[in-house]
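Input: a single structure, listed below in structure tokens.
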Amino acid sequence: MWHSTGRHAGIYKPGLTIQPGTPFEEAETKRRFKNLLDVSGITDALFPIRPRALGRDELERVHTRAYLDQLKGLSDSGGGAFSANTPLGSGSYEIAAMSAGGVVEAVDAVLRGDVKNAYALVRPPGHHAVADAAMGFCLLANGALAARHAITKFGLERVAIVDWDVHHGNGAQEIFWESPEVLTLSIHQQGNYPSELGGYKERGEGKGSGYNFNIPMLPGSGHGAYMEAMDTIIVPALIAFRPQLIIVSCGFDAGAYDPLGRMLLHSDSFRELTRRVMDVAEAECQGRLVMCHEGGYEQNTVPYMGLAVIETLSGRLTGLEDPNLQDMKGLFGQEVQSYQLEHIAEVRRFLLRNIIEVCGAD
């Protein structure tokens, strides 16, 4: 909660022509998520996992020394910004190391068998950070660091990262671009952010060729379109890959009211996405699943979407109703549209080659 992003106006640095305001990526959505878990009563039934700050040697598994020096120097000097959309404050380096460490500790708990699955409610987010740069609100590559930790510490050979944030999961894509150990799958709004990345023909290179899947969704996609993509592309790819651990970069900014996306998902959508990934995890890797919090910027809806995920992971229904759900379900476009089916089918035809070439699947 203490990671300070200043008084940016959305993503813009304030000045004489831009009135100071509230940055999109700030603490309140996460605070409200945790508060709702407490109010619902489910917190008391969950197994708490304490985070720890990752050490420099662990961070250097993914990030360059020069970048980490730059990040720490900026943090130690009181903060600043890598770009207009990635500000940080005093102490943000240590907080980011704790955020990444929260995901790593969740992986440890799952792989030790303390819990079957885990949710890391952490901030700052991580799925845009690359080896040598911060971007898109992200300072350290939380999910990628956790995947590399699982491979290094536990000897895993196959880790899958599923990213359903509305923005492209460019961080994991770049970090594991040449690695066959990590299957990266990103389902995101086409051309949103980073606008030049996330096309379905980006497959990886070298030994990692075919291990990167992008499913760019047309703006305005709702529950039906996402389930179609999940059932015809993501789930078959996961099954073919046979992961030993699944990590989900769980953004809620594909929600219908989010200011940084143009999609139509609701809390039951995230409930169903979670259920589908859990089913694969149960079938392929003893249920071993770790979800790490990413985007989601609408304060009134994100907490209920998060609660739906936690209820699904834990198998406990609280009985607390989402007051936004029926209005969101009533929005035009929740059913999959014919042009969306055509688009998804085109993506699937191309990506099917990856499954056949890499995994030898039918």
Side-chain angles (χ1 to χ4, degrees), residues 10 22 24-26 28-40 42 119 121 125 127 162-168 186-193 215-232 234-235 248-278 291 293-314 316-341 343-344:
T22 303
F24 286 119
E25 201 294 301
E26 44 79 48
E28 190 62 17
T29 50
K30 293 77 179 176
R31 183 181 292 113
R32 291 168 70 101
F33 181 176
K34 176 57 166 60
N35 288 345
L36 186 64
L37 296 181
D38 294 346
V39 167
S40 74
I42 201 170
Y119 192 98
L121 179 53
H127 77 134
V162 179
D163 189 325
W164 59 54
D165 190 281
V166 81
H167 307 107
H168 176 234
S186 176
I187 179 170
H188 51 269
Q189 181 182 321
Q190 185 176 45
N192 187 326
Y193 180 87
I215 304 96
M217 302 290 284
L218 298 176
S221 293
H223 181 91
Y226 267 77
M227 297 308 127
E228 175 72 16
M230 198 76 184
D231 292 341
T232 63
I234 295 177
V235 167
V248 173
S249 291
C250 182
F252 295 107
D253 37 13
Y257 298 160
D258 199 275
L260 294 185
R262 294 296 177 265
M263 298 309 206
L264 297 172
L265 300 191
H266 45 71
S267 56
D268 275 358
S269 304
F270 290 101
R271 196 182 299 274
E272 288 298 320
L273 289 171
T274 303
R275 170 51 56 195
R276 281 161 166 78
V277 175
M278 286 180 68
M291 303 180 74
H293 195 89
E294 296 289 354
Y297 309 102
E298 209 291 309
Q299 296 180 7
N300 297 304
T301 54
V302 165
Y304 295 95
M305 295 170 181
L307 177 62
V309 169
I310 298 296
E311 286 184 337
T312 308
L313 289 173
S314 66
R316 292 174 175 270
L317 294 178
T318 64
L320 194 151
E321 294 184 2
D322 177 358
N324 313 286
L325 183 58
Q326 295 310 313
D327 285 344
M328 285 182 158
K329 282 186 171 182
L331 295 172
F332 175 80
Q334 291 295 358
E335 298 296 326
V336 62
Q337 306 295 303
S338 59
Y339 65 89
Q340 293 168 342
L341 284 171
H343 174 76
I344 294 167

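Since the model is a prediction, treat every value here as computed from it, not as a measurement.
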*asked:* Could you walk me through whether Arg32 and Val302 satisfy the side chain to side chain contact (heavy atoms under 4.5 Å, CB included) test, starting with their C-alpha distance in whole Å, then the side-chain angles of each, then the deciding distance to 0.1 Å, before giving a yes or no?
replied: CA-CA 8 Å; Arg32 291 168 70 101; Val302 165; over 6 Å; no
*Assess whether side chain to side chain donor-acceptor pair (under 3.5 Å) is satisfied between Asp163 and His188, documenting all intermediate values.*
CA-CA 8 Å; Asp163 189 325; His188 51 269; over 6 Å; no
*Taking it one step at a time, do Ser267 and Asp322 satisfy side chain to side chain donor-acceptor pair (under 3.5 Å)?*
CA-CA 8 Å; Ser267 56; Asp322 177 358; 2.7 Å; yes
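Met305 and Gly255 make their closest contact through CE-CA, 3.6 Å (heavy atoms, listed as atom of the first residue, atom of the second, distance). Heavy atoms only, all atoms of each residue included: Tyr297 and Asp253 are closest at CE1-OD2, 3.4 Å. Between Asn300 and Asn324, the shortest heavy-atom contact is O-ND2, 3.3 Å. Across all their heavy atoms, Ile215 and Ala229 have their closest contact at CG2-CB, 4.1 Å. The two residues His167 and Tyr193 have their closest heavy-atom pair at CB-O, 3.3 Å. For the pair Leu260 and Val166, the tightest heavy-atom approach, listed with the atom from each and the gap, is O-CG1, 3.9 Å.
Residues Trp164 and Val277 have side chains in contact (heavy-atom distance under 4.5 Å, counting atoms from C-beta outward). The side-chain heavy atoms of Met227 and Glu272, taken from C-beta on, include a pair separated by under 4.5 Å. You'll find the side chain of Leu313 reaches within 4.5 Å of the side chain of Thr274, heavy atoms only. Looking at Met278 and Arg275, their side chains come closer than 4.5 Å, going by heavy atoms from C-beta outward. A heavy-atom distance below 4.5 Å is not found between the side chains of Ile42 and Leu320. Looking only at side-chain heavy atoms (C-beta outward), Leu273 and Val248 stay at 4.5 Å or farther from each other. In this structure the side chain of Pro216 never reaches within 4.5 angstrom of the side chain of Gln189, judged on heavy atoms. At least one side-chain heavy atom of Phe252 sits less than 4.5 Å from a side-chain heavy atom of Val309.
Partners of Tyr226 according to the ring-ring contact (aromatic ring centres under 6.0 Å, His included) rule, which considers only residues two or more places apart in sequence or in another chain, do not exist here. Partners of His266 under the ring-ring contact (aromatic ring centres under 6.0 Å, His included) rule, at least two apart in sequence or in another chain, are His223. In this view, Tyr304 satisfies the side-chain hydrogen bond (donor to acceptor under 3.5 Å, both in side chains) rule with no residue, not counting sequence neighbours. By the ring-ring contact (aromatic ring centres under 6.0 Å, His included) test, Phe33 is found to be paired with Tyr119, His293, residues two or more places apart in sequence or in another chain being considered.
Between the side chain of Asp165 and the backbone N or O of Gly295, at least one donor-acceptor pair lies under 3.5 Å. A donor-acceptor contact shorter than 3.5 Å is absent between the side chain of Arg262 and the backbone of Pro219.
Screening residues 328-337 for side-chain hydrogen bond (donor to acceptor under 3.5 Å, both in side chains) gives Asp268-Lys329 as the qualifying pairs, with residues at least two apart or on separate chains. Among residue pairs with one or both ends in residues 294-311, those qualifying as salt bridge (Lys or Arg N to Asp or Glu O under 4.0 Å) are Arg271-Glu311; sequence neighbours excluded.
Salt bridge Arg31/Glu26: absent, no basic N to carboxylate O contact under 4.0 Å.
A distance of 7.0 Å separates CG of Asp258 from OG1 of Thr301, quoted to the nearest 0.5 Å. We find the OH-CD1 distance between Tyr339 and Ile344 to be 10.5 Å, quoted to the nearest 0.5 Å. In this structure, CE in Met263 is found 7.5 Å from CD1 in Ile187, a value given to the nearest 0.5 Å. Separating the NZ atom in Lys34 from the CD1 atom in Ile310 is a distance of 11.0 Å, to the nearest 0.5 Å. Residue Ser221 holds its OG atom at 9.5 Å from CD of Gln190, rounded to the nearest 0.5 Å.
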